[in-house]
Amino acid sequence: MKNDLPTTAADAITRRADAEMPYRLPQPAHMLPELVHAGAMDAWLADDDLWVPVADRAWMKPLVLSASGGYYVNLLRVRRQGTLTRHRHTGPVHAFVLRGSWHYLEHEWVASEKSYAFEPPGETHTLCVPADCEEMITLFHVTGGYVYVDPDGKALGYEDVFTKIDACRAHYEKIGLGADYVDRFIR
């Protein structure tokens with residue numbers, strides 16, 4: 001068995017120097033560029049035009065719209081109480097609550113500030129913002145799409161990364177940023 005521990009002080013110094021050196025080879029061909037949102041945690045405080053309307057007093061702010069991966073990450077902001085949507089997920093969802101709280105009518109738990117929730121594929125639920133919540137903001141990572149359904153599961157509509165891209169294009173065009181403004185979020 002090979003011993004990977006340094007045998008001399010010089011070996012230790014060489015390994016430390018290598019560890020502090022950046023990767024020297026090129027990134028994979030055709031790899032999409034990384035995406036960094038400086039001050040992303042402050043972005044949810046900003047009351048700016050980049051929030052795309054999704055329902056009455058509800059908006060989303062895209063962070064990444066992965067057309068190549070079939071997922072999106074966004075902030076959802078709701079400034080009203082009551083139910084928002086009933087939907088069934090085709091893929092997993094990860095949620096982290098930044099402000100306020102919400103719950104699903106079908107479950108006993110409440111996702112409150114600083115809470116994380118995992119929603120498995122196939123889950124159907126009705127999002128509800130409680131009466132004592134003035135503003136809810138949650139970071140959602142949605143893989144696949146979701147189907148809006150009535151209480152008996154009848155399909156009423158759907159959302160996925162492509163409908164999100166279309167909504168952003170329309171909104172950014174309407175406010176004068178141009179439809180291609182959304183391209184900065186697409187990977």
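If you read the sequence from its start, that first residue is 1, and numbering goes on from there. Predicted, not measured: the structure shown is a model, and the values here were computed from it.
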For this session: Output, in order, the C-alpha distance, side-chain angles, deciding distance and verdict of side-chain contact (heavy atoms from CB on, under 4.5 Å) for D49 and L177.
Result: CA-CA 9 Å; D49 289 338; L177 291 174; 5.5 Å; no
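With hydrogens and angles ignored, the 3.5 Å screen pairs no side-chain donor or acceptor of E135 with any backbone N or O of G100. In terms of modelled atom types and a separation under 3.5 Å, the side chain of D152 and the main chain of K154 share no donor-acceptor contact.
Under the 4.5 Å side-chain heavy-atom criterion for grouping Ile, Leu, Val, Met, Phe, Trp and Tyr, I175 is not connected to W51 through any hydrophobic cluster. V93 and M136 fall within the same hydrophobic cluster, where Ile, Leu, Val, Met, Phe, Trp and Tyr residues are linked whenever their side-chain heavy atoms come under 4.5 Å apart, directly or through other members. L127 and V52 fall within the same hydrophobic cluster, defined by Ile, Leu, Val, Met, Phe, Trp and Tyr side-chain heavy atoms under 4.5 Å apart, directly or through other members. Placement of L65 and L139 in two distinct hydrophobic clusters is found when ILVMFWY residues are connected by side-chain heavy-atom separations under 4.5 Å, directly or transitively. In the hydrophobic cluster analysis, where Ile, Leu, Val, Met, Phe, Trp and Tyr join through side-chain heavy atoms closer than 4.5 angstrom, L75 is grouped together with W59.
Expressed to the nearest 0.5 Å, how far CG of D160 lies from OG1 of T143 amounts to 12.0 Å. Taking CD from E159 and CG from D166, the interatomic distance works out to 10.0 Å, rounded to the nearest 0.5 Å. For the atom pair I137 CD1 and M60 CE, the distance stands at 14.0 Å (nearest 0.5 Å). Between the NE2 atom in H107 and the CD atom in E119 there is a gap of 8.0 Å [rounded to 0.5 Å].
Residues forming a salt bridge (Lys or Arg N to Asp or Glu O under 4.0 Å) with R86 (at least two apart in sequence, or on another chain): none.
The nearest pair of heavy atoms linking L76 to L84 is CD2-CD2, 4.1 Å. When all heavy atoms of S101 and V129 are compared, the closest pair comes out as O-CG1, 4.0 Å. A58 and V78 make their closest contact through CB-CG2, 4.1 Å (heavy atoms, listed as atom of the first residue, atom of the second, distance). Heavy atoms only, all atoms of each residue included: A67 and I186 are closest at CB-CG2, 4.2 Å. The two atoms that bring G70 and V161 nearest to each other are CA-CG1, 4.3 Å, heavy atoms only. Between K61 and L50, the closest heavy-atom pair is CE-CB, 4.1 Å.
Here V147 is tied into one hydrophobic group with V149, each link being a pair of ILVMFWY side chains closer than 4.5 Å.
Legend: ring pair (Phe, Tyr, Trp, His ring centres under 6.0 Å) pairs involving residues 123-145, not counting sequence neighbours, sorted by first then second residue: Y71-H141, H87-H125, H89-H125, H94-H141, W102-F140, Y104-H125. Sorted by first and then second residue, the salt bridge (Lys or Arg N to Asp or Glu O under 4.0 Å) pairs involving residues 170-187 (not counting sequence neighbours) are R169-D183. Applying the ring pair (Phe, Tyr, Trp, His ring centres under 6.0 Å) test to every pair with at least one member in residues 163-187, sequence neighbours left out, gives these pairs: H37-F185, Y172-Y181.
Under a cut-off of 6.0 angstrom, the local environment of CD in E113 is crowded, with over 12 non-hydrogen atoms contributed by other residues, nucleotides or ligands. More than 12 heavy atoms of other residues, nucleotides or ligands lie within 6.0 Å of CZ in F96, so this atom counts as buried by the packing criterion.
Annotation: side chain of R99 is not in contact with side chain of C133 (no heavy-atom distance under 4.5 Å).
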Report all side-chain donor-acceptor pairs from residues 20-27 shorter than 3.5 Å, counting only partners two or more places apart or in another chain.
none

